[in-house]
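Structure first, commentary second.
Naming: A, B, ... by sequence-line order, numbering from 1 per chain.
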Number of protein chains: 2
Amino acid sequence: MARTLKDIASELNVSVSTVSRVVNNCDNVHPKTRKRVLGALKKYNYIPNQVARSLKKNYTETIGIIIPDISETFFAQIIKGIDEVLSNRNYSIILMDSNESPEKEEHYLKLMFQNRVDSLVLATVSKEHSALNMYISNNIPVVFIDNIPNLDYDIDCVIINNQKASIMAVNHLIGNGRKDIAIITGNPLETTGYERLEGYKRALRQNNIPVNSNLIKYGNYKEDTGYSCMKELIEHRAENPFNGVYIISEKMTYGAIKAIREHGLTIPEDIALVGFDIHDKSGLITPGITSICQPENDIGKIVAELIIKRLKEKAKSGKVSGIRQRIILDPILEVKVSSQPE
Amino acid sequence: MARTLKDIASELNVSVSTVSRVVNNCDNVHPKTRKRVLGALKKYNYIPNQVARSLKKNYTETIGIIIPDISETFFAQIIKGIDEVLSNRNYSIILMDSNESPEKEEHYLKLMFQNRVDSLVLATVSKEHSALNMYISNNIPVVFIDNIPNLDYDIDCVIINNQKASIMAVNHLIGNGRKDIAIITGNPLETTGYERLEGYKRALRQNNIPVNSNLIKYGNYKEDTGYSCMKELIEHRAENPFNGVYIISEKMTYGAIKAIREHGLTIPEDIALVGFDIHDKSGLITPGITSICQPENDIGKIVAELIIKRLKEKAKSGKVSGIRQRIILDPILEVKVSSQPE
DNA sequence: TATCTACATGCAAACGTTTTCAGTACCATA
DNA sequence: TATGGTACTGAAAACGTTTGCATGTAGATA
């Protein structure tokens, strides 16, 4: 089985260049020659060696994705969106799952660079982003999703309007007659956690409801902290009563519901609840959970388009030029039963 | 910013070979030289070019994974398992999502080969596997998961004992007092669908219950067919009564539950139900769904270990030798409420 | 001191492509 | 027939590594 251009070339007594030109559909090769070569390519089932090609052309047609947890539907759907757009253009995706670990993330940043990905999509879990310097200084476009780090240079990112998400959630609860609304949020030092908390406060103020700091609990996005935060809230219910709660991550929402049930309280009668990123298309969870949702598929597609744009720029001018973009999408409020009036 | 071995070498007035030897930790380089080189590598933050390395060494330290749907927890968890093992060894994963399309799968098989992955993990959705020939004839180890194709040569695969899974499910229902048990299965021309159906029949026979072909429905693993199959079953309930059902995929289980609810029937009182691959760690679905579960994380790890083994063989003898393995794991029955006695 | 060994280093080829450059052959035009 | 242009082809360098081989040098031994 012939494997390389050289094999095909010597088989046909033509030069490697000619075969290469046929493979790449260049002009200036005689129709007759082209036909012969195409025949041989098919006969030997030739498939080009992308590794050699990449070395020569100085790009790999590969993009890297580093995310904290592929088993979260949110990230899986984003990847599907990216894949949809990129696979048509023969790009391949190298995927790494940092498992919420900053150390692993840093290791993967190096490994991705070593693989010379053309571009990187990053949902960071780290506070420290010096490893990104090699991407920046080598003109490799980076796109952030989900969480934006605090950097002193501009970056591309595709996120949702987190303040707006909270405002929608809180206004919805207020509209359904709840005034005492608790929040379980994330780390306020990260943009995601910060913005969602800010939106919550803004919505309360706009409705002339005082912000009660005892009703603000900080978790880490994972299920157990959702559980413990809700437990605390319930146990101090006498001093700090509340009849609505807004939880800013999928897993924390699950934990919180568990805690509410364990305390024998009912949703929405005792506590009206709005969650985040709840995917229950088949309506199996009862009561149905009202939730802020993100347009994952759109995010993925937009990320892919942005990357393509950046790579085109780079191909043209040699640099990633253009002003970096913060693309901010609108969240969606999916209303179900968990937030209904008493 | 120096980028290549050459840059570092000329900076220090040593040869490229010497720098390469330091990078790769070879012996026979003078401690003093090594120190100088290490200093420069650090100073310039050198990261080797995997593309060039791959071309020379004829392997890429890359493995390909093609699956039908990354948003299914089952596949996501397998990938996490593979990643856990492989990332320690500096392997990278190239992921492609065939989106249940045989055409896309075939395209991806070519693209993966073009990328010269060292090994391939495939959850196939196709009946046609000629595209695999290039892997076989080029000695690239392939591991099947989830579904085994009918090939005339031996293949490596890691799956669960599907007959046993069905036997566990059906015996459980019988033990809980159900005798008239329906099944919603997959395409019996695929091993997965076939084996799960066979197990169902065997379990009934072992319990001296006649197999009623009117209680066997064939879906395609997706939600809507679960729904329609269950609807059919319910509508012919007068002629073919049943009080238990076993459904062999996650999404079909959801669809079936939806249909049962729409008909005003209750689980488990009217119909006791055992599903498949239901991941509801937080117990949000009520009633809790009894389900056959697969040890995804183990599957992933075993797949990774198998690949490593094959690649070692290949490195030694130049061929993927050794007898191909069918590694068959035990399914797990997670008992919750949906299958309880009346 | 002469010889031998072991260590340290560099040279150059090779991996499979792409692409520039130069060259050849052919055809049309004047 | 001479001239010019066009269409086609091939040689060779380059991409950034690894590695076999040759070479050189230093220390040890006789």
Side-chain angles (χ1 to χ4, degrees), chain A residues 1-38 40-41 44-62 90 113-118 134 138 315 318, chain B residues 1-38 40-41 44-62 90 113-118 134 138 315 318:
Chain A
M1 189 190 205
R3 297 275 314 287
T4 70
L5 288 186
K6 209 173 151 193
D7 295 327
I8 305 275
S10 62
E11 170 86 8
L12 296 181
N13 274 322
V14 296
S15 74
V16 173
S17 338
T18 301
V19 185
S20 171
R21 278 190 270 258
V22 173
V23 170
N24 292 289
N25 234 325
C26 301
D27 34 348
N28 280 349
V29 27
H30 193 94
K32 233 170 154 176
T33 325
R34 162 162 280 135
K35 208 173 165 189
R36 277 179 67 218
V37 173
L38 281 176
L41 290 176
Y44 291 109
N45 203 7
Y46 172 80
I47 293 191
N49 185 326
Q50 181 67 27
V51 177
R53 192 177 265 179
S54 299
L55 180 61
K56 190 67 191 48
K57 304 196 77 156
N58 202 28
Y59 57 73
T60 54
E61 292 185 300
T62 270
N90 269 7
F113 186 84
Q114 180 162 332
N115 280 311
R116 297 299 191 268
V117 291
D118 292 341
M134 55 188 155
N138 283 285
Chain B
M1 188 192 206
R3 297 275 315 288
T4 69
L5 288 185
K6 210 173 150 193
D7 295 327
I8 306 276
S10 62
E11 170 86 7
L12 296 182
N13 275 320
V14 296
S15 74
V16 174
S17 340
T18 301
V19 185
S20 171
R21 278 189 271 257
V22 172
V23 170
N24 292 290
N25 233 323
C26 302
D27 32 347
N28 280 349
V29 28
H30 194 94
K32 233 171 156 176
T33 325
R34 161 162 281 135
K35 208 173 165 189
R36 277 179 68 217
V37 174
L38 282 176
L41 290 175
Y44 292 110
N45 203 7
Y46 172 79
I47 293 191
N49 184 325
Q50 181 67 27
V51 177
R53 190 178 265 178
S54 298
L55 179 61
K56 189 69 190 47
K57 304 197 77 155
N58 201 29
Y59 57 71
T60 54
E61 292 185 300
T62 270
N90 270 8
F113 186 83
Q114 180 162 330
N115 280 310
R116 297 299 191 268
V117 290
D118 292 341
M134 54 188 156
N138 284 283

**Request:** Could you tell me whether the side chain of B/Ser17 has a donor or acceptor atom within less than 3.5 Å of a complementary atom in the base of C/dC11?
**Result:**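 Indeed there is one.
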**Request:** Go through the N and O atoms of the side chain of B/Thr18 and the base of C/dA8, and report whether any donor-acceptor pair is under 3.5 Å.
**Result:**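 When only heavy-atom distances are counted, B/Thr18 does not reach the base of C/dA8 through any donor-acceptor pair under 3.5 Å.
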**Item:** Within-4.5 Å side-chain heavy-atom neighbours: B/Arg21 and B/Val14
**Value:**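 Sidechains of B/Val14 and B/Arg21: no contact.
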Look at the side chain of [X] and decide which nucleotide, out of [options], has an atom nearest to it.
X: A/Ser20; options: C/dT19, D/dT9, D/dG20; value: C/dT19
X: A/Ser15; options: D/dT17, C/dA8, D/dG10; value: D/dG10
X: B/Thr33; options: C/dT20, D/dC8, C/dA8; value: C/dA8

What is the distance, rounded to the nearest whole Å, between atom [atom1] of [X] and atom [atom2] of [N]?
X: B/Leu5; N: C/dG10; atom1: CG; atom2: C1'; value: 14 Å
X: B/Asn28; N: D/dA22; atom1: CG; atom2: P; value: 17 Å
X: A/Ile8; N: D/dG10; atom1: CD1; atom2: C1'; value: 18 Å
X: A/His30; N: D/dG10; atom1: NE2; atom2: C1'; value: 17 Å

To the closest 0.5 Å, what do you measure between [atom1] ([X]) and [atom2] ([Y])?
X: A/Asn90; Y: A/Thr62; atom1: CG; atom2: OG1; answer: 10.5 Å
X: B/Leu41; Y: B/Ile47; atom1: CG; atom2: CD1; answer: 11.0 Å
X: B/Asp118; Y: B/Arg116; atom1: CG; atom2: CZ; answer: 11.5 Å
X: B/Gln50; Y: B/Lys57; atom1: CD; atom2: NZ; answer: 9.5 Å

**Asked** Heavy atoms under 4.0 Å, any strand shown: does B/Val16 hit a base, just sugar-phosphate, or nothing?
**Response**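 Base contact.
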**Request:** Could you pick out which residue, B/Asp27 or B/Arg116, lies toward the 5' side of DNA chain C when each is mapped onto its nearest nucleotide?
**Result:**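 Result: B/Asp27.
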**Prompt:** Among B/Val22, B/Val23, B/Val19, B/Thr33, which one satisfies side chain to side chain contact (heavy atoms under 4.5 Å, CB included) with B/Leu38?
**Reply:**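 So, applying the side chain to side chain contact (heavy atoms under 4.5 Å, CB included) to B/Leu38 and each of B/Val22, B/Val23, B/Val19, B/Thr33, only B/Val22 qualifies.
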**Prompt:** Going by atom types alone, do A/Ser17 and A/Ser20 pair a side-chain donor with an acceptor below 3.5 Å?
**Reply:**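 On atom types as modelled, these side chains do not qualify, holding no pair under 3.5 Å.
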**Prompt:** Taking DNA chain C as the partner, which of residues 47-60 of chain A come within under 4.0 angstrom of it by heavy atom?
**Reply:**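 DNA chain C contact set from residues 47-60 of chain A: A/Asn49, A/Ala52, A/Arg53, A/Lys56, A/Lys57.
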